[in-house]
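Data block below; observations after.
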Amino acid sequence: MEIVHDPKDFQKRMMQFRAEGKAIGFVPTMGALHAGHIALAERARASCDILVVSIFVNPLQFAPSEDLDKYPRTLGEDARKAEAVGVDLIFSPSPRDMYPAGFGSTVSCGAITTRLEGAARPGHFDGVTTVVLKLFNIVLPNFAVFGQKDAQQALVIRRMVEDLNIPVELIIHPTVRESDGLAMSSRNVYLTKEEREEAPLINKGLRSAYKVFCDGNCSARKIRSHVEDIYAAASFLSTEYVAVTDTFCNDISGEISCEALLSVVCRTKISGTRLIDNILLV
Ligand code: PAF
């Protein structure tokens, strides 16, 4: 396995692979690889000749108040984990190589990026789609694997791929969880010991709401308040939002009559860690 930093050098190699008819699978990440990323890489490994993982903490998707500086950067350890799962190439560019002086383009996917996470983190999805399109153009993958944990991100990237006729197949992999249900995330390392012990409640709230839904209660308002009540009783977190939306991220206000997404964002009170999770109501 090799780590390549230079985008032009990397793109040249990928063009060569494509010319040779090799199938390229791609897992874009910001590093600090955990079992969730490894599951995405395993999924990709099963269907490609060349497996690429990118590791790039993308400054464009962080607001000035967010955790860009403290985001974990663990390239050496990431490389060991990637090699163990059969990754062929890591693409790990510098911010200056990705966004040289004079860089001025933005990919923006419209209304879907202004709701939920887009409302809470204005500009976030423009940063994501801009870097993902750049990565697609450098890596030239046949397919790319994203996690369902970032459900809105997956929907926004799907929008971009459809709108811009990007010839990359998207595979969305189910959320990978710790044994107690907490969704795996690079940000879980910020949690204090006590917060980590309490954090599975976030997923428990979602599963409890799913049961309410399966028992025949289809009122979006009731599902939302069911989750809000569970979280309100927990002293370690505050709820940023609980939303029931369709798959365009439009709020559902009445009965749930289509495939719906129940999304939650909570912030822990001591470390201020932002935890997100979701479940499909189908
Ligand atoms: O999901 C992530 O880790 C990032 O948003 C991504 C897709 C790698 C873009 O920076």
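Start at 1 and go down the list; that is how both ligands and their atoms are numbered.
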Please indicate whether any nitrogen or oxygen in T29 is less than 3.5 Å from any nitrogen or oxygen in ligand 1.
no
Should the ring pair F56 and Y99 be called parallel, tilted or perpendicular, given that the plane angle runs from 0 to 90° and is split at 30 and 60?
tilted
Within a reach of under 6.0 Å around NZ of K12, are more than 12 heavy atoms found that belong to other residues, nucleotides or ligands?
no
Are there more than 12 heavy atoms of other residues, nucleotides or ligands under 6.0 Å from atom CZ of F103?
yes
Please step through salt bridge (Lys or Arg N to Asp or Glu O under 4.0 Å) for the pair E2 and R13, ending with a clear verdict.
CA-CA 12 Å; E2 233 188 299; R13 291 172 188 232; 3.0 Å; yes
Below 4.0 angstrom from a heavy atom of V131, which ligand 1 atoms are there? Numbered from 1 as shown, please.
9 (C), 10 (O)
Quick check on contacts: which atoms of ligand 1 are under 4.0 angstrom from a heavy atom of P28?
8 (C)
Quick one: do R121 and E66 satisfy salt bridge (Lys or Arg N to Asp or Glu O under 4.0 Å)? Show the steps, please.
CA-CA 9 Å; R121 306 176 68 189; E66 292 181 346; 2.8 Å; yes
Look at atom 10 (O) of ligand 1 and find which of H37, M30, Q61 reaches it with the closest heavy atom.
Q61
Please state which part of L135 comes within less than 4.0 Å of ligand 1, counting heavy atoms only: side chain, backbone, both or neither.
neither
To check your reading of the model: name the closest protein heavy atom to atom 5 (O) of ligand 1, its residue, and the distance in Å.
Q153 OE1, 2.7 Å
